[in-house]
Colleague: 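Before I ask anything, let me first share the structure, which is written out below as structure tokens.
Predicted model only: the values in this text are computed from it and were never measured. Just so it is clear: chains get the letters A, B, ... in the order the sequence lines come, proteins before strands, and each one is counted from 1. Basis for what follows: all heavy atoms, side chains included, without hydrogens, waters or symmetry-related copies.
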Amino acid sequence: MPIDFSAPSLVVARALIGASVFVDGVGGTIVETEAYDQTDPASHSHAGHTARNAAMFGPPGRAYIYRSYGIHWCMNFVCEPEGHGAGVLIRALEPTAGIERMRERRGLDALTLLCSGPGRLCQALAVTHELDGMRLDRKPFRVVARRPDAAVTVQAGVRIGISKSRELPWRFVLAGSRYLSKPMR
DNA sequence: TGTATGATCGCCT
DNA sequence: GGCGATCATACAG
């Protein structure tokens, strides 16, 4: 069953734990996500439509990619019906495919540092603004839902690196994963 | 193991 | 002019 990206970002963020994402065949299992939507002061979409966040207000099932701190790229999957300004930030992967290419791009050997953080995983998967607004069901993307019978334990907690709406438990992780950007407290 | 800092882009006030 | 949905490095204890 494909993932229903027209669902609320909280539902999609939870459903994505244990799913997989690949860009040109390089990627792995999603182990950490965060939900954002227009009601949320921490979201880029909160203040409305701008050139940067346009993809968030477009159709669901596409990528929203933005530059973070002027240096890194971060990738979201757009959710909810078109115009709602919601998305899920992909924060960490467990690498499973194209690991040598990730190592070259990251200049690192340590498996746990290749994709454990939103900026790191974009560098490892060569994600840039060129993919902003692109459909997730077309090349170069491939998103594979977790198996319905998969035994995954999803843990919820507060999001990382934000100053507004800090208390909302909108971060989701695969319990016990070694590949998180930070351990769940 | 932790705290501090610089890099540097786009949007906002 | 200020501030991030970050990360790597430098240093202290």
Colleague: For A:Ile162, which contact category applies under a 4.0 Å heavy-atom criterion: base, sugar-phosphate, or nothing?
Modeller: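 Since only primed, P, OP1 and OP2 atoms lie under 4.0 Å of A:Ile162, the category is sugar-phosphate.
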
Colleague: Identify the nucleotide, in any strand shown, that forms a Watson-Crick or G-U wobble pair with B:dT8, with both distances under 3.5 Å; if there is none, say none.
Modeller: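 B:dT8 is unpaired by these criteria.
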
Colleague: Could you give the distance separating B:dG10 and C:dA8 at their C1' atoms, to the nearest angstrom?
Modeller: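 Roughly 23 Å separates the two C1' atoms.
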
Colleague: Can you get from A:Val158 to A:Trp170 by hopping between Ile, Leu, Val, Met, Phe, Trp and Tyr side chains that sit under 4.5 Å apart?
Modeller: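 Cluster IDs for A:Val158 and A:Trp170 differ.
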
Colleague: Counting only Watson-Crick pairs (N1-N3 plus N6-O4 or O6-N4) and G-U wobbles (N1-O2, O6-N3), all under 3.5 Å, who is the partner of C:dA5?
Modeller: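 C:dA5 is paired with nothing.
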
Colleague: For residues A:Leu180 and A:Met184, report the shortest heavy-atom separation together with the two atoms involved.
Modeller: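 Where A:Leu180 meets A:Met184 most closely, the heavy atoms are CD1-N, 4.3 Å.
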
Colleague: Round to the nearest Å and state the distance from A:Lys164 atom NZ to C:dG2 atom C1'.
Modeller: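 Answer to the nearest Å: 12 Å.
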
Colleague: What is the minimum heavy-atom distance between A:His46 and A:Gln38, and which atoms define it?
Modeller: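 Here A:His46 and A:Gln38 meet closest at ND1-O, 2.8 Å.
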
Colleague: A:Asp132 has an atom CG; how far is it from atom P of C:dA5, in whole Å?
Modeller: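 These atoms are roughly 17 Å apart.
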
Colleague: Looking only at side chains, do A:Arg106 and A:Gln123 share a donor and an acceptor under 3.5 Å apart?
Modeller: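 Their side chains do contain a donor-acceptor pair, which is all the 3.5 Å distance test asks for.
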
Colleague: Could you give the CG-to-P distance, from A:Asp37 to C:dA5, as a whole number of Å?
Modeller: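 A:Asp37 atom CG is separated from C:dA5 atom P by 15 Å.
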
Colleague: Measure from NE2 on A:His46 to C1' on B:dC11 and round the result to the nearest Å.
Modeller: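 Those two atoms, NE2 and C1', are 15 Å apart.
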
Colleague: Under 3.5 Å between N/O atoms: give me all the protein pairs with nucleotides 8-10 of chain B, atom names plus distance.
Modeller:
| from | atom 1 | to | atom 2 | distance (Å) |
| --- | --- | --- | --- | --- |
| B:dT8 | O2 | A:Tyr69 | O | 3.1 |

Colleague: A:Leu89 has an atom CG; how far is it from atom P of C:dG4, in whole Å?
Modeller: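 It works out to 16 Å between those atoms.
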
Colleague: Tell me what A:Met75 touches on the nucleic acid: a base, only sugar-phosphate, or nothing, going by heavy atoms under 4.0 Å.
Modeller: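 Result for A:Met75 = nothing.
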
Colleague: We want to know whether A:Ser165 and A:Asp40 form a side-chain donor-acceptor pair, criterion being a heavy-atom distance below 3.5 angstrom.
Modeller: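 Side chains of A:Ser165 and A:Asp40: pair found under 3.5 Å.
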
Colleague: Name the residue from A:Arg91, A:Arg159, A:Lys182 that meets the salt bridge (charged side-chain N to carboxylate O under 4.0 Å, His left out) definition with A:Glu34.
Modeller: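 Passing option: A:Arg91.
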
Colleague: Check whether any side-chain nitrogen or oxygen of A:Ser163 sits under 4.0 Å from OP1 or OP2 of C:dG4, and answer yes or no.
Modeller: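 Checking C:dG4 against A:Ser163, a side-chain N or O does come within under 4.0 Å of OP1 or OP2.
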
Colleague: Using a 6.0 Å distance limit plus a 45 degree cone around the ring axis, check whether A:Arg62 lies over the aromatic ring of A:Phe141.
Modeller: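 Checked: cation-pi criterion not met.
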
Colleague: Between protein and nucleic acid, restricted to nucleotides 7-9 of chain C and to nitrogen or oxygen atoms under 3.5 Å apart, what atom pairs and distances do you find?
Modeller:
| from | atom 1 | to | atom 2 | distance (Å) |
| --- | --- | --- | --- | --- |
| C:dC7 | OP1 | A:Pro118 | N | 3.1 |
| C:dC7 | OP1 | A:Gly119 | N | 2.8 |
| C:dC7 | OP1 | A:Arg120 | N | 3.1 |
| C:dC7 | O4' | A:His72 | NE2 | 3.1 |
| C:dA8 | OP1 | A:Arg106 | NH1 | 2.9 |
| C:dA8 | OP1 | A:Arg106 | NH2 | 2.8 |
| C:dA8 | OP2 | A:Arg120 | NE | 2.8 |
| C:dA8 | OP2 | A:Arg120 | NH2 | 2.6 |

Colleague: Please determine which of A:Ile30, A:Leu10, A:Leu16 meets the side-chain contact (heavy atoms from CB on, under 4.5 Å) test together with A:Phe172.
Modeller: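 Answer to the side-chain contact (heavy atoms from CB on, under 4.5 Å) test with A:Phe172 among A:Ile30, A:Leu10, A:Leu16: A:Leu10.
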
Colleague: Whole angstrom is fine here: how far is it from NZ in A:Lys182 over to C1' in B:dT3?
Modeller: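 So the NZ-C1' distance, A:Lys182 to B:dT3, works out to 12 Å.
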
Colleague: Let me know the distance between CG of A:Asn76 and P of C:dT6, rounded to the nearest Å.
Modeller: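 Whole-Å distance recorded here is 11 Å.
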
Colleague: Applying a 4.0 Å non-hydrogen cut-off, can you work out what A:Ala51 is touching in the nucleic acid: base, sugar-phosphate, or nothing?
Modeller: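 Sugar-phosphate: the residue A:Ala51, judged by heavy atoms under 4.0 Å, touches backbone atoms but no base.
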
Colleague: Aromatic ring centroids of A:Tyr66 and A:His44 under 6.0 Å?
Modeller: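 A:Tyr66 vs A:His44: aromatic centres under 6.0 Å.
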
Colleague: What's the shortest heavy-atom distance between A:Ala145 and A:Met1, and which atoms?
Modeller: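 Smallest interatomic distance, heavy atoms only, reads CB-O, 3.2 Å.
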
Colleague: Starting at atom NE2 of A:His49, determine the distance to atom P of B:dC11, rounded to an integer number of angstrom.
Modeller: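 To the nearest whole Å, that distance equals 12 Å.
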
